[in-house]
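Below is one structure; the comments refer to it alone.
Protein chains get the first letters and strands the later ones, always in sequence-line order, with residue 1 at the start of each.
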Amino acid sequence: MTNTYRTAPARPEEKAVQLSPIANLDTLFPRPHPLASTVRLLGVLALATGPLAGVPAILLWRIVEREAATSNGRITGAPRLFVRLGWAGTVVGALLMLVLCCLRLLQGV
Amino acid sequence: VLRAASRSQGTLRVRLRSGMGQRLSRIRDVATIYALWALLLGSLIWWGFLALLGLGMAVSVAFMTPYPRTVLTLFGLAAVTYKLSQRVRRQRREARFWLALAAVGDRSPDAAAAVQALLLEPDPTADMLLLAAAEAAWTGRYADALDAVERARPWAASLGIGSGGLKLRFPGLPGVVSFDEGSSREVALDTVRAHLLVRSGRAAEVLAEQPRIPDVPLSPLMLVVVGDAWMFTGHFREAARAYGDAAAACPPGTPEESEIRFRLAEAQEKTEQLLQEAESLVDIGDDSEADALAEVGS
């Protein structure tokens, strides 16, 4: 039996300790937060439905941002544009409802 | 509802007075019964038919009320809210997995808590269990890691699909275990399981399981695990043979190969040591002890 021991390099045990358990970590990340697509959808819908979609869009955006902040840049948040759409839809929708209610009340009087 | 029902009954009575209306209503009744029957039978094959049946009944009930539009809008809103909440729940669960994966990958101190939260899910996915196994193995909790791998075994074929291909490292395993499209996930999981068994001090179980698949050539990593199992049980010659096969099957010049060659050298050195001890015992004259040592070593 030939001994290959003398030609074998030293064991890289210390180096292995520093390795990441996930070998393809850099190919898996960074990635968008899974909820970002829902925030996008609700943000756009808020323009048509007002607070019905706008409020969930704003709340979900806050969750996305909070979780993205804790991920050390591995997970990216949702685009700010869509939460702004959510806010716009909510504010405009709420104002419209307020105006309609006032008009109804005035008509009733 | 009662008012609407009596109104519709009145309409029906008017229609039933004419012969044509009677025939039409009979056809409609028969068609309704057949449709209901078909939907019920169909629901045995696909539950969606049952949902259609429920939806149809809900719409019918809505039209029987004095405010069908309001009721239908409420139904619609409830359905949309339900679908949205389902979607959000699924995506939050997905997010928890990715956050835990990032934490484990970065070897963050929060990794254990994140993985523990994943395991508390009502039905953790195979990828979540695999991640839990990796985290437990890297913190030296081999029994927990083994438990997670055992739980993931029934879904071995779907491992890595949800995450787009996982490539994991386990402490003491010279190489990466791939759970992606190009590799056999069952073989990869078996390798991880065998490795964890060896690390948990149950190397004999790995060796006992090996003869069950004698015709299937083992992967280099599995050969290393088998070699480790032989080493742990004190059979250095067999260990050296397994390491030798693994080194031959490994692409030359890679870090994996050098690690395997190191283990091979270790096994060979142990074998040589035993042979030398046997020789010295023979010189002394203790033949029985020398035979036993030589049997292990050569």
Report the distance from atom [atom1] of [X] to atom [atom2] of [Y], rounding to the nearest 0.5 Å.
X: A/L35; Y: B/E94; atom1: CG; atom2: CD; result: 9.0 Å
X: B/L84; Y: A/L41; atom1: CG; atom2: CG; result: 7.5 Å
X: A/I75; Y: B/L101; atom1: CD1; atom2: CG; result: 8.5 Å
X: B/R107; Y: A/L25; atom1: CZ; atom2: CG; result: 12.0 Å
X: A/I22; Y: B/D106; atom1: CD1; atom2: CG; result: 9.5 Å
X: A/H33; Y: B/Q91; atom1: NE2; atom2: CD; result: 9.0 Å

Tell me, side chain or backbone of A/S37 under 4.5 Å from chain B's heavy atoms, or both, or neither?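 A/S37 touches chain B through backbone and side-chain heavy atoms alike.
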Engaged part of B/V176 at the chain A interface, taking heavy atoms whose separation is under 4.5 Å: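 The side chain, not the backbone.
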Using heavy-atom distances under 4.5 Å, tell me whether B/D110 contacts chain A through its side chain, its backbone, both, or neither.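 Nothing of B/D110, per the 4.5 Å heavy-atom cut-off to chain A.
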Within 6.0 Å of CZ in B/R90, more than 12 heavy atoms from elsewhere: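 Yes, CZ of B/R90 has more than 12 neighbouring heavy atoms, counting only those of other groups under 6.0 Å.
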Counting neighbours of CD on B/Q116 that are heavy atoms of other residues, nucleotides or ligands and sit closer than 6.0 Å, is the number greater than 12?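 12 or below, so no.
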Taking side-chain hydrogen bond (donor to acceptor under 3.5 Å, both in side chains) as the cut-off, I'd like each qualifying pair that reaches into residues 53-65 of chain A, sequence neighbours left out, listed once.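 Residue pairs passing side-chain hydrogen bond (donor to acceptor under 3.5 Å, both in side chains), neighbours aside: none found.
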On the ring face of B/W98, is A/R31 found with NZ or CZ under 6.0 Å from the centre and within 45° of the axis?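 That pair qualifies as a cation-pi contact.
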Backbone N/O of B/G105 and side chain of A/S20: donor-acceptor pair under 3.5 Å: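 Checking the backbone N and O of B/G105 against the side chain of A/S20, a donor-acceptor pair under 3.5 Å is found.
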Does any non-hydrogen side-chain atom of A/N24 lie less than 4.5 Å from one of B/D180?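 No - every pair of side-chain heavy atoms lies 4.5 Å or more apart.
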Nearest heavy-atom pair of A/P21 and B/V104: which atoms, and what distance?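 Residues A/P21 and B/V104, closest heavy atoms: CD-O, 3.4 Å.
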Between B/A134, B/S178, B/G165, B/P171, who has the most heavy-atom pairs with chain A when the cutoff is under 4.5 Å?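 The residue among B/A134, B/S178, B/G165, B/P171 with the greatest pair count is B/G165.
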Yes or no on salt bridge (Lys or Arg N to Asp or Glu O under 4.0 Å) for A/E67 and B/R96, after CA distance, side-chain angles and deciding distance? CA-CA 9 Å; A/E67 290 185 346; B/R96 277 196 291 275; over 6 Å; no
